[in-house]
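Everything below concerns the one structure shown next.
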Amino acid sequence: MPLNYKPSGICDFHVHIGEKINGYELRDDFPDLEKIAQETGIAGIGAFVTEEAGLSLTAKLKKMQEKARLNYNGKVHWHLTPIHTKTEELFPLLQEGWDLKLYTTYKESGLYSSYEQIEHWMEELSDIKTRILVHCEDDRIITQSSAEHPFHTPLDHTLRRPELAEIVAVEKVLNLAIKHSHPIHIVHISSPKAAILVKEAKSEYPLITCETAPHYLIYNENQLIGENAHRWLCTPPFRSEESRGLLVELMQDGYFDIIASDHCPFKLEDKDRFKDNLPLLPCGIPGLGTIYSSMFKNFVEPKIISQAYLDEMTIYKPKNLMSCFKRYKYEKSFQE
Ligand SMILES: [Zn+2]
């Protein structure tokens with residue numbers, strides 16, 4: 001349901017747009033973003049650039065920056081995922097203030113980084129302290145759980161990618177951030193225990209932030225039962241009602257720095273094509289245009305959180321995350 005006023009200045013820190021993921025072209029590109037932004041008040045996004053075969057990360061970033069410049073009037077902050085790119089090539093890009101995005105899972109698509117590799121990045125980037133966004137799901141646990149639970153129905157996704165995988169990976173990555181005093185941001189937290197670990201880690205090292213997405217606060221795993229349940233498959237999966245409820249309580253208590261959509265709009269035909277072959281189905285759901293209105297309807301209207309607090313999590317804090325690192329680095333280089 002649309003809001004009867006248009007909020008302005010929404011910053012969505014986690015948006016997949018205008019690229020191919022795992023061989024699937026995403027539904028939305030920058031002209032679509034502009035349209036959605038005009039309708040819903042999105043002033044800025046954090047967009048992902050994932051290295052592809054045959055195109056260097058530098059060249060792909062330039063290409064996407066050009067598309068954004070020509071088609072979108074808002075601000076874009078870039079999160080870069082290298083696959084083969086070495087630090088020397090990345091350095092000039094990272095000096096512009098962009099983030100790295102690493103994954104502790106997805107071996108089959110080449111995105112996977114081991115904890116040792118993540119630690120190595122922290123060591124290599126110890127001077128410029130590039131913020132690292134991490135998709136935390138422990139790959140060993142996922143491999144084991146997936147072997148135990150074949151993917152017959154959409155609900156099996158919850159057993160194949162259990163909360164424990166997220167909790168274990170979050171704990172390991174937080175320990176690395178503390179050990180190396182390295183800024184990190186944990187994306188799309190879906191498990192209450194993981195959010196609690198982040199909060200505890202922040203008291204040891206302050207440049208740790210995290211997000212959750214509206215869909216983990218609004219939906220539970222029952223969404224994965226029934227007619228078109230496969231269209232709701234995203235990673236991490238929706239959790240139990242108990243976990244969803246706890247996640248909402250943690251949000252009320254300030255455990256999440258920001259709310260971001262993890263907008264990952266695969267085309268419906270790509271989702272439907274693999275309805276009966278779930279291991280091949282691309283996991284991701286749209287959420288860009290509804291980030292504010294869905295949170296407003298589900299949590300502000302029933303007085304679970306205040307509108308000022310929603311504004312904090314969807315406008316002011318993400319805006320700050322999109323700009324503070326650049327400033328920090330420029331100040332640092334001025335001092336040197
Ligand atoms: Zn994502």
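We count ligands from 1, going down the list as the structure has it; atoms in each ligand are counted the same way. Remember, predicted model here, so these are calculated numbers, not experimental data.
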Are Y219 and F238 an aromatic pair, judged by ring center distance below 6.0 Å?
yes

Sort by chain and number the protein N/O/S atoms found under 2.8 Å from the Zn ion (ligand 1).
H14 NE2, H16 NE2, D262 OD1

With a 4.5 Å cut-off on side-chain heavy atoms, are P214 and I259 touching?
yes

Proximity of H79 and W98 rings by center, below 6.0 Å:
no

Distance-only donor-acceptor check, side chains N222 and E241, under 3.5 Å
no

Within the 3.5 Å criterion, strictly below it, is a donor on T81 or E51 matched to an acceptor on the partner's side chain?
no

Does a sphere of radius 6.0 Å around OH in Y316 hold more than 12 heavy atoms from other residues, nucleotides or ligands, not counting ones at 6.0 Å or beyond?
no

